[in-house]
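We use all heavy atoms of the structure for the numbers below, so side chains are in, but hydrogens, waters and symmetry mates are not.
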Amino acid sequence: MEHKGLKILVHASTWFAPVLVPIIVYFLSSNREVKNLSLQAVIFHLVIGVLISISIFFSWILIGIPFLIVFGLMALIAPIMGIIRALDDRPFRYPIIGALFA
């Protein structure tokens with residue numbers, strides 16, 4: 001319960017510092033659950049950034065446009081779902097990355 005604010009901060013950092021804030025929280029927090037979430041967030045943002053970049057590159061032959069839409073929506077919706085679950089004190093795993101941290 002006392003780490004709810006840190007979890008919300010890690011999820012909300014998507015819109016202002018998607019890699020920097022989770023790394024700082026990872027090194028400063030002593031809670032294992034918050035550390036795990038921070039690491040998931042960093043890896044998720046890096047992977048989504050690479051996938052969106054590849055999709056942008058392939059958009060010139062039109063195959064990248066659907067992938068760009070899907071990955072863009074995923075990058076937008078996943079943190080919002082994480083914030084909602086953090087407010088309810090329920091666990092959240094990022095898509096694609098969460099299975100690695102089971």
Side-chain angles (χ1 to χ4, degrees):
M1 180 75 175
E2 64 274 355
H3 299 289
K4 184 190 293 190
L6 282 176
K7 292 177 186 176
I8 293 171
L9 178 67
V10 167
H11 293 302
S13 71
T14 297
W15 296 288
F16 58 90
V19 175
L20 183 64
V21 171
I23 287 175
I24 292 171
V25 170
Y26 179 81
F27 286 119
L28 294 180
S29 178
S30 60
N31 185 340
R32 184 171 184 239
E33 187 177 353
V34 174
K35 282 183 167 261
N36 190 7
L37 181 67
S38 299
L39 193 57
Q40 282 184 44
V42 168
I43 295 172
F44 175 77
H45 295 308
L46 292 175
V47 168
I48 284 294
V50 168
L51 291 174
I52 288 175
S53 299
I54 292 170
S55 298
I56 289 171
F57 176 75
F58 283 115
S59 290
W60 66 276
I61 57 173
L62 301 178
I63 196 166
I65 294 173
F67 290 109
L68 184 61
I69 292 170
V70 169
F71 296 139
L73 286 174
M74 189 183 304
L76 237 146
I77 294 171
I80 293 172
M81 289 175 49
I83 291 171
I84 292 170
R85 291 219 180 144
L87 287 170
D88 293 338
D89 276 334
R90 294 186 316 177
F92 177 76
R93 294 192 188 276
Y94 277 94
I96 301 171
I97 305 304
L100 300 174
F101 292 90

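Note on Leu6: it does not cluster hydrophobically with Ile80, by side-chain heavy-atom contacts below 4.5 Å among ILVMFWY residues. Hydrophobic clustering, with ILVMFWY side chains joined whenever heavy atoms are under 4.5 angstrom apart, keeps Ile24 apart from Leu39. Hydrophobic clustering (ILVMFWY, side-chain heavy atoms < 4.5 Å, transitive): Tyr94 and Val47 are in one cluster. Ile83 and Phe44 are members of different hydrophobic clusters when ILVMFWY side chains are connected at heavy-atom separations under 4.5 Å. Placement of Ile77 and Ile8 in two distinct hydrophobic clusters is found when ILVMFWY residues are connected by side-chain heavy-atom separations under 4.5 Å, directly or transitively.
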Mind listing the side-chain donor-acceptor pairs of residues 13-22 below 3.5 Å, one per line with the distance, residues two or more places apart or on another chain?
unit_1: Ser13; atom_1: OG; unit_2: Val10; atom_2: O; d: 2.7
unit_1: Thr14; atom_1: OG1; unit_2: His11; atom_2: O; d: 2.9
unit_1: Thr14; atom_1: OG1; unit_2: His45; atom_2: NE2; d: 3.4

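Atom CG in Leu73 sits 9.5 Å away from atom CG in Leu68 (nearest 0.5 Å). The distance from atom CD1 of Ile43 to atom CD1 of Ile48, rounded to the nearest 0.5 Å, is 13.0 Å. The distance from atom CG of Asp89 to atom NE2 of His3, rounded to the nearest 0.5 Å, is 11.0 Å. Note that CG of Leu28 and CD1 of Ile23 are 11.5 Å apart. Values are rounded to the nearest 0.5 Å. Atom CZ of Arg32 is separated from atom CG of Asn36 by 7.0 Å, given to the nearest 0.5 angstrom.
Here the closest non-hydrogen pair linking Ser55 and Phe67 is OG-CB, 3.4 Å. Nearest heavy-atom pair, Met74 versus Pro79, reported as atom, atom and distance to 0.1 Å: O-CD, 4.1 Å.
For Leu87, the CG atom is densely surrounded, since the number of other residues' heavy atoms within 6.0 Å is greater than 12.
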Given the rule in the side chain to side chain contact (heavy atoms under 4.5 Å, CB included) test, do Lys7 and Glu33 qualify, once you have shown the distances and angles that lead to the verdict? CA-CA 9 Å; Lys7 292 177 186 176; Glu33 187 177 353; 2.9 Å; yes
